[in-house]
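Per chain, numbering begins at 1; letters A, B, ... match sequence-line order.
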Amino acid sequence: MFSRKILVITAATTGLFLGIGIYTFLYAKGYSYITDDPEACANCHSMNPQFNGWIKSSHRSAAVCNDCHTPQGAAAKYYVKASNGFWHSFYFTTGWYPDNIEIKQSNIDVADDACLKCHQDIVDMMKRFKDNNEKISCVRCHTSVGHFD
Amino acid sequence: NIFERKQEAKNIFYKVEDITDTTESPEIWGRNFPLQYDDYLRTVDQVRTKYGGSEALPRTPSQADPRSIVAHSRLEEDPRLKTMWAGYAFARDFREERGHAYMLDDQTFTERQIAAKQPGTCMHCHASVYVPYKKLGGGDLIKGFEKMNQMPYPEARKFVSHPVACIDCHDPNSMQLRITRPAFIEGMRTLKAAQGIKNYDVNTMATRQEMRAFVCGQCHVEYYFKGQEKRLTYPWMQGLKADSILSYYEKVKFDDWIHAETGAGVIKAQHPEFEMWNQGIHARSGVKCADCHMPYKRVGALKISDHHVQSPILNINRACQTCHKWDENELKERVEIIQDRTFRLRGIAMDAIISLVQDIKKAKESGKTDAELAAARSYQRKAQFYLDFVEAENSMGFHAPQEAARILGESINYIRLGQVALRDK
Amino acid sequence: NIFERKQEAKNIFYKVEDITDTTESPEIWGRNFPLQYDDYLRTVDQVRTKYGGSEALPRTPSQADPRSIVAHSRLEEDPRLKTMWAGYAFARDFREERGHAYMLDDQTFTERQIAAKQPGTCMHCHASVYVPYKKLGGGDLIKGFEKMNQMPYPEARKFVSHPVACIDCHDPNSMQLRITRPAFIEGMRTLKAAQGIKNYDVNTMATRQEMRAFVCGQCHVEYYFKGQEKRLTYPWMQGLKADSILSYYEKVKFDDWIHAETGAGVIKAQHPEFEMWNQGIHARSGVKCADCHMPYKRVGALKISDHHVQSPILNINRACQTCHKWDENELKERVEIIQDRTFRLRGIAMDAIISLVQDIKKAKESGKTDAELAAARSYQRKAQFYLDFVEAENSMGFHAPQEAARILGESINYIRLGQVALRDK
Ligand SMILES: [Ca+2]
Ligand SMILES: [Ca+2]
């Protein structure tokens, strides 16, 4: 009885979220979100500061948003995109996000690893010693490479 | 939701009312700009932070003072202030400052009005004076300012009806920021002249960025009443540093009052936020008052300036995280570490000034002549001004951490020299 | 061009030599790592900045001191230091510090060696001692350390042959950073214990990031020689702040020497860079010594750590601009504004301490008893330690601007109390 009530509420809530999700997805041109086009990210005004920053950044001609914000490998990439994508729509629709978005540590790690996709060679010397060696965070010094904002 | 937001983005400005250069009431401006007006009204909120904000204390209204809520008393919090200000109206009533909504009432009803007759000059920073000045001056802002300065406070009070309002910061046609305060216009002119720039006119020569600090600098500054005409004057003729200001006061031999216990001619510094901020790393990096105290906020698809002017500690995400990626708690702690250090040194200086005051008092009572006391009194004057400069500055050192500590160090040194001078003479 | 770089990238590490835990000579390590070795050799450069770097002064070599170039004398630059240190070896010879290449010679030939008999302990921070300690201790680092501490300096000197070398900072197998200094291992253990962490072992428990500051903290710290065994000890039992360190010295009643003019038992602070940096905003933001003093540099297609350890002012582009997008001049000015403020307050405190020393001296000469002088002497001890803490710290306040100013403020206050105590008794 009790658990059924929870089930119903859960189902209803899920339905609602899905509904909101799909609506958001179509309206906010979310279909373009699964492409790698930075303009797709900027479909949400929430991403405007980063988009505007990226346009001016050293990486404008080198890396798009997804180069830094999704991990290597198709499966992992689409998992992060899907996960971030769901929460993106959710927060965007509800408006429950701070004015200045705070990136989660897990997403900083994704960005950190992403640097190596392109810059493995140059940092060889910094990273080479032993497998048990802690990695060094690139973003600690190079915070603004992707976008100043 | 998204639909609403896309709509909003297109209709950011509903022109409901015609606003002119004589539209004083913020309520009318608010019909065109309801979002800004809503936030503006929220400056009634009272929340305390470790060293800022304010606490709402209930009181029983009386005929003389109808306020049912006041901010906490700084004199009760730190009674040493009474000794430092002995003989001055501040020793009677001095409270933590609170939001803009209260400025007119707090000035009208402070017991400092009872302790001394105040001039109409006071109004410059506690009311919407732009329209009243213009009216009084027959269209001439400066003339109106001069007239009101020379009235007794109660008379001047009749000419005004609002705390700082939209028209005090904005041009009604373009909505651009605009300086409306004569003392700031003149203060900037003398400051720039000292730097070799002639005939500086803040309203035509300042950049939009600069204006985001200048509108606040109209009031959040050290000041004095010059001469018989009680002309409001910002003492920036030699620069904005505590040292330059003191040096100017020494040159013109200005005293705020004669200290009741020591007989020294002394000066009280008042809210030099603009001057202190100017010495800090944020000013140097182009970060203006409005960036932290009126940060952009998102309302739907719009970004507006938060007109709920308040302590940034109550609004860290918007006020700081645009530029600093540390989490909220960390940022709060960083502010408090700076403030705690300043507070510690302030306490040391406060104890020291009290002991100097006692020393001079004792020497005076034991029959020392004015000539014998002159050196110690002059050190008291200097020390007290430096200490007050940090004490009166409302960020407890945050606006310029190292400079605040340096000023306190200089203060302690003057106290030392004063105590030695007394004993060696 | 790109092709060349890709080639280079693959051959970054030529294993020419087998390096083991007993390979002392940097020249041999340098065969495997020529880029780092080249930069390491460049620490012979001498360039002066406003408050740092060093000036190369020619001198005529003598048998006792064969150096043909020394750094400028800080005693000549500011003779007040001689008064503050009266009776201590530092009043005889004290120079601006220079690059790592000179550390062994500068220690061997300083006139402080003539002014007083120094123990072998000194070697800990001025030579490559890892291999010598191990040898002396029969494979046990700590035993070797203890043995060398108890030798007279000239004897210990025979066991060492290089200034700090690769093996002092690196594990020869993995090239990872490693702590080789017993006093730091022990210092960190007591510090962590005070914070509730038991049996802290820096070599297994520190992160790679932390190591980028810890390797420097092995030597750039305040220290004293404990007891008869002259054991090198870092006084961190209560924490790293100036206040905690002084409080520890008070507890163990430690004196460096008895002041020649006042008879006070006093303490000299020495190069507390690690401690001061810890109180600053950079440490709080995770910025380590190596980030500024050994920033990454690009050589061909590789990034390496610049082993030319030096003033970051001589290398602003790499040392600061990755994090701060201001131009070089602006960054230099920001450093100098901070340093100028510290320097001003340091000057005030220095004048003040001299006047306290003179006062006590006079009082002593006029026949005051030790009991009557006790309070003033105790204030001198405190004041002098605080002042020296900033004076000896080599960044002229940059590593923690507000904290440096606060410490100087406390120093001035102690001087005030001392002068009053003298006159009131
Ligand atoms: Ca307040
Ligand atoms: Ca140097």
Side-chain angles (χ1 to χ4, degrees), chain A residues 48-63 67-68 72 98 100-149, chain C residues 2-15 19 32-36 39 170-178 204-212 282 285-288 290-292 294-307 318-326:
Chain A
N48 279 348
Q50 288 76 23
F51 181 78
N52 293 336
W54 173 77
I55 288 283
K56 290 175 231 138
S57 81
S58 56
H59 282 72
R60 175 196 152 80
S61 54
D67 285 325
C68 295
Q72 217 150 6
N100 288 304
I101 297 168
E102 237 183 289
I103 191 166
K104 280 193 285 292
Q105 188 56 46
S106 60
N107 282 321
I108 291 184
D109 294 343
V110 168
D112 258 334
D113 291 342
C115 311
L116 300 178
K117 290 185 214 165
C118 304
H119 298 294
Q120 181 65 59
D121 285 357
I122 199 171
V123 298
D124 247 15
M125 197 73 167
M126 302 165 56
K127 308 239 337 161
R128 68 170 294 118
F129 309 104
K130 297 287 176 208
D131 323 324
N132 67 343
N133 216 349
E134 274 172 72
K135 75 172 179 202
I136 205 147
S137 167
C138 313
V139 164
R140 189 168 67 81
C141 298
H142 298 290
T143 22
S144 58
V145 281
H147 36 83
F148 314 88
D149 47 25
Chain C
I2 295 182
F3 180 73
E4 220 171 70
R5 288 192 195 155
K6 289 244 164 179
Q7 284 304 311
E8 255 177 290
K10 280 176 194 135
N11 295 304
I12 52 165
F13 175 45
Y14 309 82
K15 195 165 174 182
I19 296 173
N32 285 356
F33 305 102
L35 299 174
Q36 284 81 3
D39 288 333
H170 290 284
D171 177 304
N173 300 314
S174 66
M175 284 305 287
Q176 280 181 29
L177 293 178
R178 170 176 79 169
T204 56
M205 295 163 83
T207 63
R208 176 173 175 188
Q209 254 304 92
E210 288 176 316
M211 280 295 193
R212 293 170 58 86
H282 280 107
S285 305
V287 188
K288 310 295 177 188
D291 294 344
C292 300
M294 300 181 66
Y296 288 113
K297 65 183 269 194
R298 202 176 63 176
V299 183
L302 277 181
K303 266 175 78 170
I304 60 165
S305 300
D306 191 344
H307 280 63
R318 292 179 182 128
C320 321
Q321 288 184 313
T322 313
C323 298
H324 299 285
K325 303 300 175 189
W326 317 108

Please state whether the side chain, the backbone, both or neither of [X] comes within less than 4.5 Å of a heavy atom of chain A.
{"X": "Ser305(C)", "result": "neither"}
{"X": "Asp171(C)", "result": "neither"}
{"X": "Gln321(C)", "result": "neither"}

One should read off an interatomic distance between Ile304(C) CD1 and Ile122(A) CD1, to the nearest 0.5 angstrom, of 11.0 Å
If we only count heavy atoms from C-beta on, is the Arg212(C) to Ile136(A) side-chain gap below 4.5 Å? yes
Closest non-hydrogen atoms of Asp121(A) and Leu302(C), given as atom of the first, atom of the second and distance, are O-CD2, 3.9 Å
Nearest heavy-atom contact between Val287(C) and Arg140(A) is CA-NH1, 4.2 Å
Discussion item. If you count heavy atoms of other groups shown closer than 6.0 angstrom to NZ of Lys325(C), is the number above 12?
Written reply: yes
If one checks every heavy atom of Ser144(A) against chain C at 4.5 Å, the contacting part turns out to be side chain
